[in-house]
K.L.:
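Below you'll find the structure I mean.
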Amino acid sequence: PSTEQEEAAYLALKHNLKEIPVVDENHIFLGVITNDKVISILHRELREDILHLGGIHRSHIAFDNIFEIPLAQAIKHRIPWLLVGLLGGLVAAQIIGHFEHTIERNLVLAAFIPLVVYIADAVGTQLEAFTIRDFALFRKLDFARYLLKQFLVVLIIALLLGSVLSLISLVIYREINIAIVLGAAIVAATISALFSGLLVPFLFRKLRFDPANASGPIGTIIQDILSVLIYFIIASWLL
């Protein structure tokens with residue numbers, strides 16, 4: 001009876017069950033979660049997570065019919081986290097401004113800011129999706145083992161992406177230092193996605209908040225700032 005409804009619905013999918021028996025601590029049968037209820041739970045939870053991924057947070061989750069709701073209400077449901085994102089963007093801009101001398105010496109670095117930020121965000125988004133799903137599926141998740149496995153996966157991905165970018169930039173720009181900086185930045189920024197994509201949802205879960213809230217704008221803000229900071233620290237050290 002104390003199991004989260006989302007976990008119960010995912011268990012039905014995992015074990016291909018149309019209905020789920022419910023028992024108490026003494027394994028005494030109490031009843032069933034019916035097929036229509038499982039579908040209703042999945043629909044509601046998925047809808048809520050999708051809205052959270054888009055940075056739309058409300059006291060109750062329902063569809064907004066853009067043709068019927070007031071304009072002010074439509075804006076109210078979308079703007080809060082976007083404002084937080086705006087502030088995060090300003091922080092990232094300040095970080096870039098702090099390294100203006102590094103950029104002046106190597107103007108090519110500015111061209112790769114979007115690429116470094118995008119790759120780290122993409123890896124973080126993938127991690128968020130896996131983490132939120134696995135938190136729902138596995139009630140007693142061995143987090144240390146899970147973190148190690150995800151770290152190894154992300155590390156290999158980071159090394160592959162970093163190697164490819166280094167080779168391509170070396171062919172294009174013929175500068176070994178630039179190639180090393182770009183490769184190292186991609187590796188480090190990609191690995192840092194473990195924080196925004198895995199550790200932040202885990203922290204939300206420990207604090208009994210919906211891990212989906214850590215996705216979308218929050219994860220993106222954190223990861224963008226981390227990526228820019230890592231990129232220019234590495235550039236200033238190596239160039």
K.L.:
Do Asn177 and Leu238 make a side-chain contact, defined as non-hydrogen atoms from C-beta onward lying under 4.5 Å apart?
P.N.:
no
K.L.:
Just verifying a value: how many Å separate Asn106 CG and His101 NE2, rounded to the nearest 0.5 Å?
P.N.:
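Between Asn106 CG and His101 NE2, I get 13.5 Å after rounding to 0.5 Å.
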K.L.:
Ile168 versus Leu182: any side-chain heavy-atom pair under 4.5 Å?
P.N.:
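No; the side chains remain at least 4.5 Å from each other.
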K.L.:
Transitively linked via ILVMFWY side-chain contacts under 4.5 Å: Val117 with Ile96?
P.N.:
yes
K.L.:
Given side chains that start at C-beta, do those of Trp237 and Val181 come closer than 4.5 Å, heavy atoms only?
P.N.:
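A side-chain contact is absent here, since even the closest heavy-atom pair is not under 4.5 Å.
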K.L.:
For the side chain of Asp24 and the backbone of His27, is there at least one donor-acceptor N/O pair under 3.5 Å apart?
P.N.:
yes
K.L.:
Measure the spacing between CD1 of Ile225 and CD1 of Ile95 and express it to the nearest 0.5 Å.
P.N.:
6.0 Å
K.L.:
Strictly distance-based, threshold 3.5 Å: is any side-chain N or O of Tyr231 a donor or acceptor partner for the main-chain N or O of Ala188?
P.N.:
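No: the side chain of Tyr231 does not pair with the backbone of Ala188.
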K.L.:
So Val123 and Ile191, side chain to side chain contact (heavy atoms under 4.5 Å, CB included) or not? Walk me through it.
P.N.:
CA-CA 9 Å; Val123 173; Ile191 293 174; over 6 Å; no
K.L.:
Main chain of Asp36, side chain of Ser40: is a donor-acceptor contact present, judged purely on distance under 3.5 Å?
P.N.:
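Answer holds: no.
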K.L.:
Could you check if a side-chain atom of Leu170 sits within less than 4.5 angstrom of a side-chain atom of Glu175, using non-hydrogen atoms only?
P.N.:
no
K.L.:
Determine, step by step, whether Val84 and Leu82 satisfy the side chain to side chain contact (heavy atoms under 4.5 Å, CB included) criterion, reporting the C-alpha distance in whole Å, the side-chain angles of both residues, the deciding distance to 0.1 Å, and the verdict.
P.N.:
CA-CA 5 Å; Val84 175; Leu82 298 177; over 6 Å; no
K.L.:
Grouping I, L, V, M, F, W and Y whenever their side-chain heavy atoms are under 4.5 Å apart, do Leu86 and Ile79 come out in a common cluster?
P.N.:
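No: no chain of side-chain contacts under 4.5 Å links Leu86 to Ile79.
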K.L.:
What distance separates Leu109 CG from Leu239 CG, expressed to the nearest 0.5 Å?
P.N.:
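Separation between the atoms: 6.0 Å.
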K.L.:
In Å and rounded to the nearest 0.5 Å, what is the CG to CG distance from Asp121 to Asp224?
P.N.:
4.0 Å
K.L.:
Following the transitive rule for hydrophobic clusters with a side-chain heavy-atom cut-off under 4.5 Å over Ile, Leu, Val, Met, Phe, Trp and Tyr, establish whether Leu203 and Val154 coincide in one cluster.
P.N.:
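Same hydrophobic cluster.
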K.L.:
Roughly how far apart are Leu115 CG and Ile186 CD1, rounded to 0.5 Å?
P.N.:
5.0 Å
K.L.:
Is it the case that over 12 heavy atoms from other parts of the model lie below 6.0 angstrom from the CZ atom of Phe99?
P.N.:
yes
K.L.:
Report the C-alpha distance between Phe151 and Tyr146 in whole Å, list the side-chain angles of each, state the deciding distance to 0.1 Å, and finish with yes or no for side chain to side chain contact (heavy atoms under 4.5 Å, CB included).
P.N.:
CA-CA 8 Å; Phe151 170 75; Tyr146 185 77; over 6 Å; no
K.L.:
Going by heavy atoms in the side chains, are Val22 and Phe29 under 4.5 Å from each other?
P.N.:
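No - every pair of side-chain heavy atoms lies 4.5 Å or more apart.
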K.L.:
Show, in sequence, the C-alpha distance, side-chain angles and deciding distance for Thr3 and Glu7, and conclude whether the side-chain hydrogen bond (donor to acceptor under 3.5 Å, both in side chains) test is met.
P.N.:
CA-CA 7 Å; Thr3 301; Glu7 181 183 352; 5.2 Å; no
K.L.:
Describe, in one word, how the ring planes of Phe135 and Phe143 are oriented to each other, choosing from parallel (under 30°), tilted (30 to 60°) and perpendicular (over 60°).
P.N.:
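Geometry flag for Phe143 against Phe135: tilted rings.
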K.L.:
Kindly compute the distance separating CG (Asn35) from CD (Glu19), expressed to the nearest 0.5 Å.
P.N.:
7.0 Å
K.L.:
Would a single hydrophobic cluster contain both Ile39 and Val32, if residues Ile, Leu, Val, Met, Phe, Trp and Tyr are joined by side-chain heavy-atom contacts under 4.5 Å?
P.N.:
no
K.L.:
Determine whether more than 12 heavy atoms belonging to other residues, nucleotides or ligands lie under 6.0 Å from atom CD of Gln94.
P.N.:
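Count not over threshold, so no.
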K.L.:
Please report the closest heavy-atom contact between Ser192 and Ala189, naming both atoms and the distance.
P.N.:
OG-O, 2.5 Å
K.L.:
Decide whether Phe130 and Leu152 are clustered together by the hydrophobic rule: side chain heavy atoms of Ile, Leu, Val, Met, Phe, Trp, Tyr closer than 4.5 Å, transitively.
P.N.:
yes
K.L.:
Could you go through the side chain to side chain contact (heavy atoms under 4.5 Å, CB included) check for Val23 and Leu30 one step at a time?
P.N.:
CA-CA 5 Å; Val23 298; Leu30 301 178; 5.6 Å; no
K.L.:
Distance-only, no hydrogens or angles: does the Ser236 side chain make a donor-acceptor pair with backbone N or O of Ile233 under 3.5 Å?
P.N.:
yes
K.L.:
Check whether any side-chain heavy atom of Leu161 sits under 4.5 Å from a side-chain heavy atom of Ile119, and report yes or no.
P.N.:
yes
K.L.:
Taking all non-hydrogen atoms of both residues into account, name the closest pair between Ala12 and Val38 and its distance.
P.N.:
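Reported closest heavy-atom pair: CB-CG1, 4.0 Å.
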K.L.:
Looking at Glu104, I want to see if its CD is surrounded by more than 12 non-hydrogen atoms of other residues, nucleotides or ligands under 6.0 Å.
P.N.:
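Counting neighbours around CD of Glu104, more than 12 heavy atoms of other residues, nucleotides or ligands fall under 6.0 Å, so yes.
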K.L.:
Taking all atoms of both residues into account, what is the closest heavy-atom pair of Leu127 and Ala193, and its distance?
P.N.:
CD1-O, 3.6 Å
K.L.:
Does Ala179 offer a backbone N or O that forms a donor-acceptor pair with the side chain of Ser166 under 3.5 Å?
P.N.:
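Side chain of Ser166 to backbone of Ala179: a pair is present.
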K.L.:
For the residue pair Ala92 and Val228, what are the closest heavy atoms and their distance?
P.N.:
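Minimum heavy-atom contact is O-CG1, 4.0 Å.
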K.L.:
Are Val91 and Ile221 packed together at the side-chain level, in the sense that at least one heavy-atom pair is separated by less than 4.5 angstrom?
P.N.:
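In short, these two side chains do not touch, never coming nearer than 4.5 Å.
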K.L.:
Please name the pair of heavy atoms, one in Gly162 and one in Val187, separated by the smallest distance, quoted to 0.1 Å.
P.N.:
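Scanning both residues completely, I find the closest heavy atoms to be CA-CG2, 4.1 Å.
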K.L.:
Could you tell me whether a side-chain N or O of Asn26 sits under 3.5 Å from a main-chain N or O of Ile28, the two making a donor and an acceptor?
P.N.:
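Checking the backbone N and O of Ile28 against the side chain of Asn26, no donor-acceptor pair under 3.5 Å is found.
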K.L.:
Would you say that Phe112 contacts Leu165 through its side chain, given a criterion of any heavy-atom pair below 4.5 Å between the two side chains?
P.N.:
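SC-SC contact between Phe112 and Leu165 confirmed.
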K.L.:
So does Glu128 get a backbone contact from the side chain of Thr131, meaning a donor-acceptor N/O pair under 3.5 Å?
P.N.:
no
